[in-house]
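Structure record follows, encoded as structure tokens.
What's counted below: heavy atoms across the whole structure, side chains too, no hydrogens, waters or symmetry copies. Everything numeric in this text was worked out from a predicted model, so none of it was measured.
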Amino acid sequence: MTSPVIVGRNDEEEEDPSTKPLGRLSVFYYGVGHMLNDITASCWFTYLLLFLTQIGLSPRDAAIVMLSGQVADGFATVFVGELIDRFGHFKIWHAAGSLLVAVSFSSVFGGCLPCTLLNSNSLTVETLSYSMFAAIFNIGWAATQVSHMAMVNCITLNSTSRVALTSSRNAFSMVANLGLYAIALVVFGVSEAGTKENTETQYRWIAYSSITVGCCFVVIFLMGTKEPRLRIDLRETSRARIPWSYWFRKILYYQVAMVYLLTRLVLNVSQAYLAFFVIDDLQMAQSAKALIPAIIYICSFVVSVMLQEIPWNGKRLKAYYCAGGIIWIFCGVAILLLSRSINIYMYAISIFIGIANALMLVTAISMQSVLIGSELGGCAFVCGSLSFLDKMSCGLALYVLQSHQSTSPKVDVNINQHFYFSVTRYGLGLVPAVCSLIGVVVTYFMELDSTILKPLRQPLLLE
């Protein structure tokens, strides 16, 4: 791994363009590039299971649709990562993936097109239809995600700037999520969902609005970000494609993969069951299924922006990740014990969930950059393989939980307080808490570089 720029080195090394800190605009343009993926993914994890069960699919069939998309996404990430490592052209992959996402996403939340063509009301045909469009959507999503994540390591070798890019991406991810919940709040407020057709119309408008907003930011990214040239400007040894076996021999690869997988499980499983928990378990108002996620993402956005101002090293990455994991453990315990009579406290819990999500996600993704270092010939494979583990594990976890959603009895432990354990409560409280605990333990034993790197050339927060 090439030595990073250290404060106080000679001027010649500091002028190396591959290690110079990035400016504000470069970070901004990169950060908005994942907005389409983020706003559609937020809709996917927050509302897909809820939507499918509301239009008549069983919890198990809804889980099959979710799993088909996750499996397609998982295999596509590895395939796309390998092709990017071989041929490059990050922006072309990003644009092609974004186009596929925009075209297919409305069908995921639209009516059953094959059912209309075949004039059939079969739930089997409906399940197959939604599964097909879910798979197509996730293939495009994977192409955009891997190309965008891998670009970080080819834009700069400065690790602090890499964390800033990741933080910016996460901050705009929060903006995308907030945008989705604002759209959802308006749609749910102005229209009723008394019938299957009205429900499909509601979610179709949410999908169309999300695609429109996301595509605007994709255009800004493509116009403002240049194709990274760092990879072809480096010496030949760094430029050569690195075989998969090289990464499989590194202990740090498995540690980073485990932490990233667990972090994604925390975020995705909790997001998938948040709306269920708020409405079914706590029996809060319908607006709460948009307001509570919005609070989470506002807090995550603020924390993500603040993280961009910090000079980073391995020790700080570990410390901040562990802090986020510990916060999530306490939130998970609070969710397990929260009863309907005091459901107002869910708003307070959501604040800490938002803080923990940002701390864990930004640092977990940044650990990938530490793992890659200057070995740019394998950066897309690393991002793709870790995403494969993420998609498969999340898909299987959600399938197992959702398969028990309709069969597991509710265990009422306190009739007076209307408190019981359910699959939804386990999905939102227990699973993220356990994953956070394991993630903290794995992170504690990691060995990461402790060199403090130069901050951004321009702060992102105005003084």
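Using cut-offs of 30° and 60° for the angle between ring planes, the Phe137 and Phe105 rings count as tilted. Under the 30°/60° scheme for interplanar angles, the aromatic rings of His94 and Phe221 are found to be tilted. Using cut-offs of 30° and 60° on the angle between ring planes, the pair Tyr253 and Trp247 is tilted.
Under the 4.5 Å side-chain criterion, counting only non-hydrogen atoms from C-beta, Tyr273 is not in contact with Val431. Side-chain contact between Leu398 and Phe45: present, with at least one pair of heavy atoms (C-beta onward) separated by less than 4.5 Å. Taking the side chain as every heavy atom from C-beta outward, Pro293 and Asn177 never approach each other to under 4.5 Å. Counting heavy atoms from C-beta outward, Leu265 and Cys394 have side chains that approach closer than 4.5 Å.
Every pair passing side-chain hydrogen bond (donor to acceptor under 3.5 Å, both in side chains) that includes a residue from residues 346-359 is listed here, sequence neighbours excluded: Trp328-Asn357.
No more than 12 heavy atoms of other residues, nucleotides or ligands lie within 6.0 Å of CZ in Phe445, so this atom counts as exposed by the packing criterion. Other residues, nucleotides and ligands place more than 12 heavy atoms under 6.0 Å from the CE atom of Met392. A 6.0 Å sphere centred on CZ of Phe352 holds no more than 12 heavy atoms belonging to other residues, nucleotides or ligands. Residue-environment remark: OH (Tyr345) stays at or below the threshold of 12 foreign heavy atoms within 6.0 Å.
Side-chain contact annotation: Thr46 with Tyr181, donor-acceptor N/O pair under 3.5 Å present. Using modelled atom types and a 3.5 Å distance limit, the side chains of Tyr260 and Arg264 yield a donor-acceptor pair.
Take Met446 and apply the side-chain contact (heavy atoms from CB on, under 4.5 Å) test, not counting sequence neighbours, and it matches Leu252, Gln255, Val256, Val259, Lys318, Met367, Leu448. Asp73 meets the salt bridge (charged side-chain N to carboxylate O under 4.0 Å, His left out) test with Lys391; sequence neighbours excluded.
Judged purely by atom type and a 3.5 angstrom limit, Thr225 has no side-chain atom pairing as donor or acceptor with the backbone of Leu222.
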Item checked: Audit row: Phe301, Phe172, ring pair (Phe, Tyr, Trp, His ring centres under 6.0 Å) steps and yes/no -> CA-CA 7 Å; Phe301 171 78; Phe172 281 105; 7.3 Å; no
